[in-house]
Amino acid sequence: VVRDGAAFLRTFGSQGGDRNFNEPISVCVAGDNHIVFADRKSHRIVVVARTDGSFVRTFGSRGAAHGQFKRPGGVCVNAAGLIIVADSENHRVQMFTCDGTFVRAFGS
């Protein structure tokens, strides 16, 4: 994490495990003071606190059902606070509430 002017602040997370990362590929900052990551090799979304990087939640698993991912490639949060995930190898985009509840999917 860096502050304006590229001053280093901190790192968080490590490789593997339930509360860590396997291949964080995309990141965004949500309006609720959380940072949201697409963790590609774990087939899930990881949410951490913006203030200190502490674990908040994960959601998703490997698969093709709603709420599952196959190598998610991107993540963002829209103005309404919905988490939007590019579910790369399932060829779709999925939307979730901030707590990880599935809302809808686009594509196949």
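Remember, it's a predicted structure, so these values are computed and weren't measured experimentally. When a residue number appears, it is its place in the shown sequence, counting from 1.
- The distance from atom OG1 of Thr51 to atom CD1 of Ile35, rounded to the nearest 0.5 Å, is 8.5 Å.
- Although no hydrogens or angles enter the test, the distance criterion places no donor-acceptor pair under 3.5 Å between the side chain of His34 and the main chain of Val48.
- Judged purely by atom type and a 3.5 angstrom limit, Arg40 uses its side chain to pair as donor or acceptor with the backbone of Arg71.
- A 4.5 Å side-chain heavy-atom check between Met95 and Asn78 finds at least one atom pair inside the cut-off.
- Ser61 has its side chain within reach of Gln68: a pair of non-hydrogen atoms, C-beta onward, lies under 4.5 Å apart.
- Here the closest non-hydrogen pair linking Thr97 and Leu82 is CA-CD2, 3.9 Å.
- Once rounded to the nearest 0.5 Å, the distance linking CZ of Arg92 with CZ of Phe69 reads 8.0 Å.
- There is a path of hydrophobic side-chain contacts, each under 4.5 Å, that joins Val36 to Val56.
- In the hydrophobic clustering of ILVMFWY residues, with side-chain heavy atoms under 4.5 Å counting as a link, Ile45 and Ile84 come out apart.
- Grouping the Ile, Leu, Val, Met, Phe, Trp and Tyr side chains by contacts below 4.5 angstrom, directly or via other members, places Val29 apart from Val47.
- Nearest heavy-atom pair across Arg62 and Lys70 is NH2-CE, 3.5 Å.
- Here ring-ring contact (aromatic ring centres under 6.0 Å, His included) pairs that include residues 70-91, with residues two or more places apart or in two chains, number zero.
- Remark: the backbone N or O of Ala49 is not paired with any side-chain donor or acceptor of Asn33 at under 3.5 angstrom.
- Using a 30° and 60° split on the angle between ring planes, Phe59 and Phe96 fall in the tilted class, from 30° to 60°.
- Looking at heavy atoms from C-beta onward, Gln94 lies out of side-chain contact with Pro72 at the 4.5 angstrom threshold.
- Put simply, the side chain of Arg50 never gets that close to the backbone of Ala30: no donor and acceptor are under 3.5 Å apart.
- Distance alone, capped at 3.5 Å, is enough to place a donor-acceptor pair between the Ser26 side chain and the Val75 backbone.
- In this structure, Asp87 CG and His66 NE2 are separated by 11.0 Å, a value rounded to the nearest 0.5 Å.
- No continuous path of hydrophobic side-chain contacts links Val85 to Phe106 [ILVMFWY only; heavy atoms under 4.5 Å].
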